[in-house]
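These notes are about the structure you will find just below.
In what follows, residues are counted from 1 in the order of the sequence shown.
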Amino acid sequence: MIERGAVAAAAVRTSHALDGRVPARDGRYGSPDPELDTLWQALGDIADPELPISLIDLGLIRDVRRSGADVAVDVTFTASACPCMEFIMLDIRERLLREPGVERVTVHDVWDPPWGRDSMTRQGRDRLRSFGVSA
């Protein structure tokens, strides 16, 4: 486990602001339950540490569940050796703990189905192309 101070210091070096545009909603990444949908929207505030693209637009968030004050998030990564896994998991926890009534956040890394470009939203693919990355 990475020391919290080290994560905070690295986050300063790698943080990217999202452009503030309200992203187009992708039906795969949300919920008809307003309480859960609020959590999905909060996760859309988190940028990937390497590129200014939200975790939602990258298709990294697979599921969000809530039971009272407990929230569980399933997240996948673009590669099993992703050097930012701990940063991303910490960002998820910290962001969701700011939501009303959320007291505990558990983040599970999942690998099935594997991440692929089809996991991304259209906006995510467009943003990657704007940075010169084929998507």
**Request:** Return the set of residues passing side-chain hydrogen bond (donor to acceptor under 3.5 Å, both in side chains) with R95 (not counting sequence neighbours), or none when no residue passes.
**Result:** D45, E99

Distance-only criterion, 3.5 Å: show the donor-acceptor pairs between side-chain atoms of residues 67-74 and protein atoms not counting sequence neighbours.
unit_1 : atom_1 : unit_2 : atom_2 : d
D70    : OD1    : R104   : NE     : 2.4
D70    : OD1    : R104   : NH2    : 2.9
D74    : OD1    : R65    : NH2    : 3.2
D74    : OD2    : R65    : NH1    : 3.1

Separation of [Y] [atom2] from [X] [atom1] (nearest 0.5 Å):
X	Y	atom1	atom2	answer
Q123	S130	CD	OG	10.0 Å
T76	M85	OG1	CE	8.5 Å
R93	M89	CZ	CE	5.0 Å
L128	M120	CG	CE	4.0 Å
D91	L96	CG	CG	10.5 Å
R127	T121	CZ	OG1	10.0 Å

**Request:** Using side-chain contact (heavy atoms from CB on, under 4.5 Å) as the criterion, list what pairs up with T78, not counting sequence neighbours.
**Result:** L60, W115

**Asked** Does C84 have any side-chain contact (heavy atoms from CB on, under 4.5 Å) partners at least two apart in sequence or in another chain, and if so, which?
**Response** P49, E50, C82, F87, I88

**Message:** Within the structure provided, determine whether L55 and L43 are in side-chain contact (heavy-atom separation under 4.5 Å).
**Reply:** no

**Asked** Quick one: are V102 and R66 in side-chain contact, heavy atoms under 4.5 Å?
**Response** yes

**Message:** Quick check against the 3.5 Å criterion: does R62 have a side-chain atom that pairs as donor or acceptor with the backbone of P113?
**Reply:** yes

**Request:** Over all heavy atoms of both residues, which pair between W111 and S80 is shortest? Give the atoms and the distance, please.
**Result:** CH2-CA, 3.5 Å

**Prompt:** Quick one: do L36 and V110 end up in the same hydrophobic cluster if we chain Ile, Leu, Val, Met, Phe, Trp and Tyr together by side-chain heavy atoms under 4.5 Å apart?
**Reply:** no

**Prompt:** Mind checking whether L97 and I92 sit in one hydrophobic cluster, side chains of I, L, V, M, F, W, Y counted as touching below 4.5 Å?
**Reply:** yes

